[in-house]
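Count residues from 1 along the sequence. All of these numbers come straight from a predicted model, not from anything done at the bench. Counting convention: from 1, in listed order, for ligands and their atoms alike.
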Amino acid sequence: MNKDMDERLDQAVDLLNQGRLQEGKDASSLVQDRLRMIEWNFTDRLNSHTVKAIHPYPAKCIPEIPKALLSALPMPNGTAVLDPFCGCGTTLVEAQRLGLLSVGIDLNPIACLISRVKTAPTPLHLDRIAKEVADVARHNHDPIRWHIPDVDYWFKPEIQEAIAALVQEIGIKQKNCSNDALRLALSSIIVRVSNQRSDTRYAAIYKPVTRDDVFDYFLAACRKISRALIEREWEPLLQPLIIEADTLKTDPSVIGMPVGMVITSPPYPNAYEYWLYHKYRMWWLGFDPLAVRSKEIGARARFFKQESHAEENFWDQMRGAFAFINSVLVALGFACVVIGRSKIHGQIIDNAGIIKAVAEEQGLSTISSFERVISAIHKSLNLSHANIRTETVIIFQKK
Ligand SMILES: C[S@@+](CC[C@H](N)C(=O)[O-])C[C@H]1O[C@@H](n2cnc3c(N)ncnc32)[C@H](O)[C@@H]1O
């Protein structure tokens, strides 16, 4: 962005915050200019900071998108950033880097765990504590067990024993602030030590993983997390508020601060099942994936069962999401949505069109909408079944 435009935008933001640009004319044309100057495909993006890779998450947003939106859009003074479907915290991290307060909501406890660890201060002595945990767990051949459906199919007996021993020992360290990081490290190795072929392939195969490997992988995962947190180029001074909840059932008052910017990528119908992706991670960490499944928007399996109300359901869910967004967003605040298309029973669903319609029903104005190409190397986005190559970025403003 050029300096002159930055200065003009700063002046416009000041006027806007003084209520002197209610018509939004000058600010709006500057915002449009700024948005036009961004190369939204980010073709020359370098592999950005390592903290984003501490744990896999499907369909995560690239950090360049919230970063560009936060720098291009004038956020009303004294307001926070909200991501009502925060996933692994991409928006929250970018807000934190810029010293902005933020709030994230997600139904999925693994999403919230990742977001918390990425934005928390670096835990002290994580490697040492992890070693203590692994040393005790290695000698525990009779850990506490609980019922996990089909556990024998997906995990060899000695692997189950090692994971349960780690869970038990991490639980004993409950009061320690590194507890989240230890749990995240364990979560990150669950698929690797299971019989599951890979994160997205649900076939059981033989893997030569031993009981000892579980502890070694766990220690390596802890080292990776602590290195990524230490290498952050910013101080994690402002901790986001992370709420583990169904956004559609959340009382807006829990946000507790005025929101000036929403940046989110909502779940797409028939695209991903986040609960399924993290199913055994949740079972092992003591969460109930079936409860998550029952509330997850757009879970794909539901649409395979000739669900005739799929599209109407999505309309209703997005109406709920935008009623929530509108109730917490301050006047002149922005709501930015990144969304792709879905394919349900062979028919392409224009999710962006649905989002625009429900946002406008709430009185939000569309100030910009454009397509961007989803990079083929963006591995966590694999929507080949719908042949989806682009996604839409829509920017609304509350007048
Ligand atoms: C496209 S992902 C968001 C990815 C995120 N932008 C990131 O970079 O990680 C959509 C998220 O919506 C969450 N979700 C689905 N249904 C939900 C609901 N009813 N309430 C809250 N979150 C929900 C999923 O768990 C998933 O994390």
Just to verify, what does F314 make a ring-ring contact (aromatic ring centres under 6.0 Å, His included) with, not counting sequence neighbours?
none
Considering only Ile, Leu, Val, Met, Phe, Trp and Tyr, and joining two whenever side-chain heavy atoms are under 4.5 Å apart, list the other residues clustered with I242.
L92
Using a threshold of 4.0 angstrom between heavy atoms of the protein and any atom of ligand 1, which residues qualify?
Y57, A59, K60, C61, F85, C86, G87, C88, T90, D106, L107, N108, A245, D246, T247, S265, P266, P267, Y274, K295, E296, I297
The residue among K156, H141, R145 that forms side-chain hydrogen bond (donor to acceptor under 3.5 Å, both in side chains) with E161 is H141
Which heavy atom of T250 sits nearest to which heavy atom of V254, and what is that distance?
CG2-CG2, 3.5 Å
For A221, check side chain to side chain contact (heavy atoms under 4.5 Å, CB included) against everything at least two apart and list the hits.
A185, S188, I189
Is the distance between the ring centroids of W284 and W146 under 6.0 Å?
yes
